[in-house]
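What follows is one structure encoded as structure tokens, with my remarks underneath.
Quick note on labels: first sequence line is chain A, next is B, and so on, each numbered from 1. The model shown is predicted, which means the values in this text are computed figures rather than measured ones.
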There are 2 protein chains.
Amino acid sequence: MKKVTINSVAEYAGVSKKTVSRVLNNEPNVSPATREKVLKVFKELDYKPNPIARGLARNKSFIIGCLYDNPSKSYITRVQSGALEACHKFNYNLLIHPCELRGDELIHNVDQLLTTSRLDGLVLTPPFSDSQELIDFLKTQNIPFARVASALEDDTSISVRSNDEQGAYELTEHLISLGHKEIAFIKGHQDHSATEKRFSGYQNALLNHGIEFNEDLVAQGNFSYHSGADSAKQILDLEPMPTAVFASNDYMAAAVLKLATQRQLRVPEDISIAGFDNAPIARHIWPGLTTIAQPVEEMTRQAVEQLILQISDPSTEVYQKVLEAKLITRESTAEK
Amino acid sequence: MKKVTINSVAEYAGVSKKTVSRVLNNEPNVSPATREKVLKVFKELDYKPNPIARGLARNKSFIIGCLYDNPSKSYITRVQSGALEACHKFNYNLLIHPCELRGDELIHNVDQLLTTSRLDGLVLTPPFSDSQELIDFLKTQNIPFARVASALEDDTSISVRSNDEQGAYELTEHLISLGHKEIAFIKGHQDHSATEKRFSGYQNALLNHGIEFNEDLVAQGNFSYHSGADSAKQILDLEPMPTAVFASNDYMAAAVLKLATQRQLRVPEDISIAGFDNAPIARHIWPGLTTIAQPVEEMTRQAVEQLILQISDPSTEVYQKVLEAKLITRESTAEK
DNA sequence: CGACATTATGACACCGGTGTCAAAGTACAT
DNA sequence: ATGTACTTTGACACCGGTGTCATAATGTCG
């Protein structure tokens, strides 16, 4: 079986390569008769244009890269799923590239990625979307990129995030409205801008409701389940024990719930627990976790969609958007 | 800033394109002096070969595609992580492509994928690795592929799986050894070959220990948490209630645990629960789930590695391997 | 030192498309 | 019939590499 290329199609149809190319790309100035004829040959020969050849000619790959370094599997898959949705809408494909934020390796690693696969653009997810160093590098490389879920101020690059501060504020307010005053807080990873945002949401809610902020109630996590387990120990060992715990994501909240249950504490009767993200685990455990739903897929979908628009027309205005986060109450929080 | 291509390098170094190409690919027959000179120019101009051009000339993309349709996020990320490990070892990249098994769309969808991105090979994960239709199609397309975690017999394609039947057998035996006789079973998705394997492992263990198989104790799930919740209801409503439940994966087991806890049943005192896969959730909940650890990353890593070897040398012998599954006991199972 | 093998190098076609531009064809007004 | 504008088409260069093959340079040996 011989390969079907634009040349064989042209020969078979009795027209020039260029005319075939015109039909292929729906370009104008092809007579209906010719177009018809070529299309028929496409079918007959089952012609499939070679994307690599096209890529070479147009200097495009129709591939978007997705960078991440995140312990949460569900977060990653949600990001991927949103990105894929946008990609497929525009006939792009998605290449995934997990790598580590830390170390001088990062820039080199990304450079390597760009070298080995001509990506048309890059989606950055936290913590990369917060890395000024990486952003600067990508600008020098002149490669389009979009940032997801980053609070970092940079109005020259596409950014879609959700309102972390607002979300944390609402959740804290929810706990306060249930009568809680000693509300412990588990912080996220220091490299994520969301970490500080969520923390200030918590602090501001306390402030506005006349509750004094107590540093002893704050534990430093890093978004991983493991760090949540450590923080849980620290918090549940406090005397007096706080009546509520607000963890910066659901995995850490799940870790608190696990330890609490192990210690025969009743949740929410003895202690209320809340998370952030509305990860699947939040509803896979009992009691279900009160949390803040962050529209991860939607953020990524929009970011990638805008990225692709930016790629096709670099003069497109830079898109920056903040989506709403939403409180979801489940069984893990209750009146004090 | 002008683009640095093989031509500019050649000109600058005062040699021909071809010589530059030789240096680039570490081909022999280049004098040390020339090689040195060209390498120096690479550095000076910061030359990066264009992978697309190379791809066109060699008819290769250095990209592997990964196909999946799986409700388990952790499974997907584990698959990806194993695949990436192998890819990066050989300087390949990974393109992900979730799609649905059902419907005539599948073949068309995959065909589309192959058309829009010249993949060098494809990794199939369940249920695709079990789809004879897809396998046949890929063979006609002459595109190399490797199957992960599939019990489907096909010794002409690369396959790495774990011993599902053995794993299920051991787990069931574990429950029996704890004194359980009424052991409910939740089956997985019908399209996965692992589903039947795990089921027969369960049945054989019962048989070999003189316990009569009782069809009423079997519920049909599909590996999703949701289906686990439905099956859990069915099983926990049985009278008398079984003393143990073996779910075909950890998500479904977690659903059983959740419902049991909701109903104030004590696990494992009132009922033992076990899963399969050793997904993260198995240790993120309390009590931790007794389960079977399946080396998902390792399976995928080996599969992709072999796939790449196959790509570089089609005469390579077809690799087929069965890895061991391992029993992990946690707190969710105990003496009857 | 000449005959011959071996190594080093470059010219050129090629991979399969797209972009540019000129030429040919067609429509319509004068 | 002729001029003009517009549509349709193809020739050819080009994207940035690799493969083939001829030729030039070097090494080896009697």
Side-chain angles (χ1 to χ4, degrees), chain A residues 1-39 41-42 45-63 91 114-120 311-312, chain B residues 1-39 41-42 45-63 91 114-120 311-312:
Chain A
M1 192 175 81
K2 236 186 122 276
K3 255 188 297 184
V4 180
T5 72
I6 199 171
N7 287 297
S8 41
V9 171
E11 193 176 344
Y12 194 87
V15 298
S16 72
K17 286 169 77 161
K18 184 60 216 190
T19 298
V20 176
S21 170
R22 286 199 182 90
V23 174
L24 207 54
N25 295 289
N26 265 309
E27 282 173 31
N29 299 339
V30 179
S31 77
T34 312
R35 189 179 297 271
E36 208 56 43
K37 187 169 60 181
V38 173
L39 285 173
V41 176
F42 281 176
L45 302 186
D46 191 25
Y47 169 63
K48 288 169 191 162
N50 183 330
I52 299 193
R54 178 182 298 200
L56 179 57
R58 292 213 198 144
N59 198 22
K60 286 202 57 170
S61 64
F62 292 94
I63 296 178
N91 273 309
L114 297 178
T115 304
T116 62
S117 54
R118 285 281 158 122
L119 302 176
D120 288 345
I311 290 167
S312 6
Chain B
M1 192 174 83
K2 238 187 122 276
K3 257 186 298 185
V4 180
T5 72
I6 200 172
N7 286 297
S8 42
V9 170
E11 193 176 344
Y12 194 88
V15 300
S16 73
K17 285 168 78 162
K18 183 62 215 189
T19 299
V20 177
S21 170
R22 286 198 181 91
V23 174
L24 207 54
N25 295 290
N26 264 310
E27 283 173 30
N29 299 338
V30 178
S31 77
T34 310
R35 191 179 297 270
E36 208 55 44
K37 188 170 58 180
V38 173
L39 285 173
V41 176
F42 281 177
L45 301 186
D46 190 25
Y47 170 62
K48 289 168 192 163
N50 182 330
I52 299 193
R54 176 180 295 192
L56 179 58
R58 291 212 199 144
N59 198 23
K60 285 202 57 171
S61 64
F62 292 95
I63 296 179
N91 272 311
L114 296 179
T115 304
T116 62
S117 53
R118 285 281 157 120
L119 302 175
D120 288 346
I311 290 167
S312 11

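- Other residues, nucleotides and ligands place no more than 12 heavy atoms under 6.0 Å from the CD atom of A:Glu11.
- Distances shorter than 4.0 Å separate none of the side-chain N or O atoms of A:Ser31 from OP1 or OP2 on D:dT7.
- Projected onto DNA chain C by closest heavy-atom contact, A:Ala53 and B:Val15 fall at different nucleotides, the more 5' of which corresponds to B:Val15.
- When rounded to the nearest whole Å, the span between CG of A:Asn29 and P of D:dT9 equals 9 Å.
- Separating the CG atom of A:Asn59 from the P atom of C:dG16 is a distance of 20 Å, rounded to the nearest angstrom.
- How far CZ of B:Arg118 is from OG1 of B:Thr116: 10.5 Å, rounded to the nearest 0.5 Å.
- Using modelled atom types, one side-chain atom of A:Asn50 and one backbone atom of A:Ile52 make a donor-acceptor pair closer than 3.5 Å.
- Within the nucleic acid shown, B:Pro49 comes within 4.0 Å of sugar-phosphate atoms alone, with no base atom in reach, counting heavy atoms only.
- The 5' end of DNA chain C is approached more closely, in terms of each residue's nearest nucleotide, by B:Lys18 than by the other of A:Lys48 and B:Lys18.
- Within the 4.5 Å cutoff, side-chain heavy atoms of B:Lys60 are placed close to those of B:Ile311.
- Listed pair B:Thr19 / C:dG10 meets the phosphate criterion, a side-chain N or O lying under 4.0 Å from OP1 or OP2.
- Between B:Lys3 and D:dG16 there is a side-chain polar atom (N or O) within less than 4.0 angstrom of OP1 or OP2.
- Taking atom CZ of residue B:Arg58 and atom P of nucleotide D:dG17, one finds them 12 Å apart after rounding to whole Å.
- Heavy atoms of B:Pro51 sit nowhere under 4.0 angstrom from any nucleic acid atom.
- The CZ-C1' distance, from A:Phe62 to C:dT18, rounds to 12 Å in whole Å.
- The separation between B:Leu24 atom CG and D:dG16 atom C1' is 11 Å, rounded to whole Å.
- Taking atom CD1 of residue A:Ile6 and atom P of nucleotide C:dC15, one finds them 13 Å apart after rounding to whole Å.
- In the interface, the side chain of B:Arg22 is not paired with the base of D:dG19 through any donor and acceptor atom under 3.5 Å apart.
- Look at CG on B:Asn50: it is 6 Å from P on D:dG17, rounded to the nearest Å.
- Distances shorter than 4.0 Å separate none of the side-chain N or O atoms of B:Ser16 from OP1 or OP2 on C:dA11.
- D:dG10 atom P lies 14 Å from atom CD of A:Glu27, rounded to whole Å.
- A donor-acceptor contact under 3.5 angstrom links the side-chain atoms of B:Lys17 to the base of D:dG17.
- Contact check, B:Asn25 against D:dT18: a side-chain N or O comes under 4.0 Å of OP1 or OP2.
- A 6.0 Å sphere centred on CZ of B:Phe42 holds more than 12 heavy atoms belonging to other residues, nucleotides or ligands.
- For B:Thr5, no side-chain nitrogen or oxygen approaches OP1 or OP2 of D:dG16 to under 4.0 Å.
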